[in-house]
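Structure, as structure tokens:
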Amino acid sequence: DGCGHTVLGPESGTLASINYPQTSPNSTVCEWEIRVKPGQQVQLKFGDFDIDDSDSCHSSYLRVHNGIGPNRTEIGKYCGFGLQMDGLITSKSNEVTVQFMSGIHSSGRGFLAAYSTTGKSDLITCLDIASHFSEPEFNKYCPAGCVIPFADISGTIPHGYRDSSSLCMAGVHAGVVSNTLGGQINVVISKGIPYYEGSLANNVTSKVGPLSTSLFTFKTSGCYGTLGMESGVIPDSHITSSSILEWLNQTGQVNIWKPENARLKRIGPSWAAFISDEHQWLQIDLNKEKKITGIITTGSTLAEHYYYVSAYRILYSDDAQKWTVYREPGMGKDKIFQGNTELYQEVRNNFIPPIIARFFRINPLKWHQKIAMKVELLGCQFSIGRAPKITLPAPPQNKNDKNADFMDDFIHSVKTSLQTDKTTFTPEIKNTTVTPSVTKDVTLAAVLVPVLVMVFTTLILILVCAWHWRNRKKKTEDTYDLPYWDRAGWWKGMKQFFPIKSAEHEETPVCYSSSEISHLRPREVATMLQTECTEYAQPLVGGIVGTLHQRSTFKPEEGKEASYADLDLYNSPIQEVYHAYAKPLPVTGPEYATPIIMDVSSHPSPPLGAPSISTFKAAGNQAPPLVGMCNKLLFRTDSASSAQALYDIPKGQPGPGSADRLVYQVPQSMAHPTVSMDE
């Protein structure tokens with residue numbers, strides 16, 4: 001009567017003393033006989049050990065033996081409070097006997113231990129939690145029987161479990177290991193979350209949990225997708241049942257709880273059987289063989305109809321004629337799955353190993369009021385390779401009966417082997433998205449793609465920069481753009497647009513002698529000439545000018561390029577200099593005279609202080625004011641022009657006989673004074 005929680009599986013299991021983790025009762029005894037496959041050995045690991053040692057293991061102790069029965073031999077005898085037994089106790093054969101004796105004592109929890117075959121070197125117990133391990137990812141082997149009432153878990157998949165949860169119990173809840181078989185788990189540690197949800201799955205209740213520093217999840221095969229009940233991929237015609245509940249409500253309408261209503265999360269009533277007994281079923285046709293790894297169920301989800309199924313069996317078939325009841329490996333009885341405990345909560349159950357079938361049937365065994373449920377199947381596509389084609393050698397022409405019998409036996413053995421492989425072999429489905437044959441190609445592509453992207457990006461940037469530079473260069477060479485060398489003196493050029501100032505504030509124009517010009521570079525000469533001719537380039541306008549954007553009154557000359565005939569430095573043609581304001585005025589505005597062109601290379605310089613007379617008409621009858629004094633005027637010459645003085649008449653104005661008084665500049669080579677024409 002000293003045996004506590006016990007699950008003895010074919011390869012692993014869990015055993016504990018009675019009343020664990022509370023104090024074990026006095027004067028109790030229990031023996032466990034453990035057997036594994038022949039040729040293997042048993043290893044024993046203790047998760048907790050707390051046995052009274054006040055009498056030096058005389059009346060309270062734990063004893064381990066090699067073998068079973070009277071011929072067994074002792075491996076060791078153990079007792080002590082809080083004894084740390086981190087190592088493994090290994091047997092010499094495939095059989096072990098564990099004996100627990102509890103004498104008169106006042107304290108001591110007893111023990112909890114796990115066992116497995118010796119091939120599982122990473123064995124842990126049901127009491128191990130994630131915080132016991134420092135690695136961010138690790139593999140462990142969980143024994144069978146870790147659904148224990150004295151362990152707690154918080155969380156669910158896929159969000160993860162709190163780090164204080166039992167690893168193996170959480171593995172059963174997640175559906176990665178079986179409680180009756182145990183199995184390998186692959187654990188991944190990550191950062192915790194503020195809140196952990198609770199749920200019921202595989203007969204394990206997960207509780208709601210608070211914030212924790214870390215959590216853990218499990219790596220799985222990935223075959224846990226929905227198979228089409230909720231989404232509608234499975235058509236209504238593929239969902240059938242043994243019977244259908246229907247009745248007339250108070251308004252006279254017929255309520256039909258059809259099998260196609262058994263879709264998870266569908267609004268409205270679920271499927272319900274007309275008769276509530278153990279012979280009712282709900283059947284789903286998946287259209288082809290699929291790998292089914294789990295099922296999720298709810299009740300009617302209608303508060304006024306408190307119906308749900310609390311326990312059921314699973315049957316499957318390939319032709320809907322011959323049905324197989326689901327059993328766990330090594331178990332001699334049908335597995336009964338725990339269903340719902342109320343009508344709303346979703347309850348999940350996993351199949352380990354998974355079911356490979358086309359037709360799936362649910363057989364309710366227990367229910368509340370009436371049989372009613374909504375379901376969803378979990379799994380993935382399944383395909384199996386064809387059996388290899390066997391080519392038999394051609395039989396000899398002269399064959400006797402012995403050879404014929406031999407060939408018949410051989411063919412029969414081959415057929416039997418193929419049939420056996422088809423029915424008993426379950427292919428291993430790995431969670432991988434890249435086949436091994438393309439792994440190297442993927443690695444090479446992962447290196448080349450970033451390099452090619454960088455190369456193309458660099459070429460594009462170079463082309464964009466070259467295009468931008470070319471556009472800027474074209475913009476700076478625009479004919480009507482302000483030359484770079486003229487921008488520095490733009491203020492002096494614009495002063496003449498402003499109203500006439502008092503004499504004390506006027507600036508004296510800068511004049512240059514021929515000797516000074518001869519020492520300048522061609523570019524500087526052009527700049528000086530532009531500045532010197534400003535007084536001839538604009539009309540003498542009195543009053544206030546309305547805008548600073550007044551255009552030039554001169555029309556650019558056309559024809560041959562200009563040159564300076566009086567300076568040898570400029571005998572070679574130079575680049576034509578465009579005036580910054582060379583665009584003509586609108587047609588409606590008046591045009592003024594262009595500068596007088598004459599050859600002055602052979603004329604003597606005027607006496608110092610001789611006034612320069614503007615070619616523009618002065619306001620009224622007054623002579624135009626003097627704007628500057630120059631030692632020598634330099635004029636552009638044309639090789640084909642005459643040496644005589646040329647007088648220009650403004651376009652659109654009356655001829656010499658006009659009543660208006662016109663004042664013209666007299667060439668310096670002429671001796672007579674200003675010519676005036678009166679009415």
Side-chain angles (χ1 to χ4, degrees), residues 3-16 30 32-38 68 94-95 114-117 126 142-149 168-169 171-173 175-183 200-205 242 273 276-284 291-297 308-318 320-341 347-357 359-368 371 373 375 377-379 423-426:
C3 300
H5 174 75
T6 301
V7 175
L8 303 181
E11 293 186 352
S12 64
T14 301
L15 54 152
C30 182
W32 294 267
E33 294 178 351
I34 301 172
R35 292 183 180 90
V36 296
K37 293 180 181 180
I68 298 174
N94 66 320
E95 296 179 342
Y115 76 89
S116 70
T117 56
C126 303
C142 288
C146 278
V147 178
I148 50 182
C168 295
M169 194 170 176
V172 174
H173 183 273
V176 296
V177 293
S178 169
N179 184 55
T180 58
L181 299 175
L200 176 60
N202 300 306
N203 202 23
V204 177
T205 301
S242 57
S276 295
D277 58 24
E278 295 182 357
H279 302 290
Q280 304 302 311
W281 46 263
L282 176 69
Q283 180 178 309
I284 302 171
K291 184 178 180 181
I292 309 169
T293 59
I295 180 175
I296 301 175
T297 62
Y308 61 86
V309 175
S310 57
Y312 57 87
R313 293 189 308 170
I314 296 297
L315 298 89
Y316 56 94
S317 174
D318 291 332
Q321 300 297 325
K322 297 179 181 179
W323 295 90
T324 302
V325 182
Y326 183 81
R327 294 181 177 181
E328 290 182 312
M331 299 294 124
K333 59 181 180 179
D334 303 341
K335 180 169 183 178
I336 308 302
F337 293 90
Q338 179 184 355
N340 295 85
T341 58
V347 176
R348 174 174 46 83
N349 281 286
N350 293 93
F351 309 126
I352 302 174
I355 297 173
I356 309 298
F359 297 94
F360 186 88
R361 182 176 285 186
I362 306 168
N363 174 213
L365 299 177
K366 295 181 181 180
W367 54 88
H368 183 266
I371 296 175
M373 64 190 318
V375 304
L377 299 182
L378 306 177
T423 57
T424 61
F425 173 72
T426 302

Rounded at 0.5 Å granularity, tell me how far CG in Asn202 sits from CG in Asn350.
4.5 Å

Leu282/Arg361 under side chain to side chain contact (heavy atoms under 4.5 Å, CB included): CA gap, chis, key distance, verdict
CA-CA 6 Å; Leu282 176 69; Arg361 182 176 285 186; over 6 Å; no

My understanding is that only residues two or more places apart in sequence, or in another chain, count here; which of them pass side chain to side chain donor-acceptor pair (under 3.5 Å) with Asn340?
Thr297

Side chain to side chain contact (heavy atoms under 4.5 Å, CB included) partner of Asn349, the single match among Ile295, Leu200, Ile296
Ile295

Restricting to non-hydrogen atoms, name the atom on Ile292 and the atom on Phe360 that form the minimum distance, rounded to 0.1 Å.
CD1-CD1, 3.7 Å

Side-chain donor-acceptor pair present, Gln280, Ser242, cut-off under 3.5 Å
yes

Mind checking the CE-CG spacing from Met169 to Asn179? Nearest 0.5 Å is all I need.
9.0 Å

Are the gamma sulfurs of Cys126 and Cys146 separated by less than 2.5 Å?
yes

Separation of Ile355 CD1 from Ser317 OG (nearest 0.5 Å):
12.0 Å

Measure the CG-CZ distance between Asp334 and Arg327 for me, rounded to the nearest 0.5 Å.
4.5 Å

Residues two or more places apart in sequence or in another chain: which of them pass side chain to side chain donor-acceptor pair (under 3.5 Å) with Glu328?
Ser178, Thr180, Lys335

Does the plane of the ring in Phe351 sit parallel, tilted or perpendicular to the ring in Phe337? Use 30° and 60° as the thresholds.
perpendicular

When rounded to the nearest 0.5 Å, the distance separating CZ of Phe359 from OG1 of Thr324 is 13.5 Å

Within this structure, what is the CD1-OH distance for the pair Ile336 and Tyr312, rounded to the nearest 0.5 Å?
11.0 Å

Heavy-atom closest pair, residues His5 and Val147:
CE1-O, 3.7 Å

Candidates Asp318, Leu315, Asn363 - the one meeting side chain to side chain contact (heavy atoms under 4.5 Å, CB included) with Trp323
Leu315

Could you tell me which residues satisfy side chain to side chain donor-acceptor pair (under 3.5 Å) with Thr6, sequence neighbours excluded, listed by chain and number?
Trp32

What is the minimum heavy-atom distance between Val204 and His173, and which atoms define it?
O-CD2, 3.2 Å

Thr14 and Pro143: which non-hydrogen atoms are nearest, and at how many Å?
OG1-CG, 3.8 Å

Where do Cys168 and Val177 come nearest, in terms of heavy atoms and distance?
O-CG2, 4.2 Å

With side chain to side chain contact (heavy atoms under 4.5 Å, CB included) as the test, would you mind laying out the steps for Tyr316 and Ile356 before giving the verdict?
CA-CA 8 Å; Tyr316 56 94; Ile356 309 298; over 6 Å; no

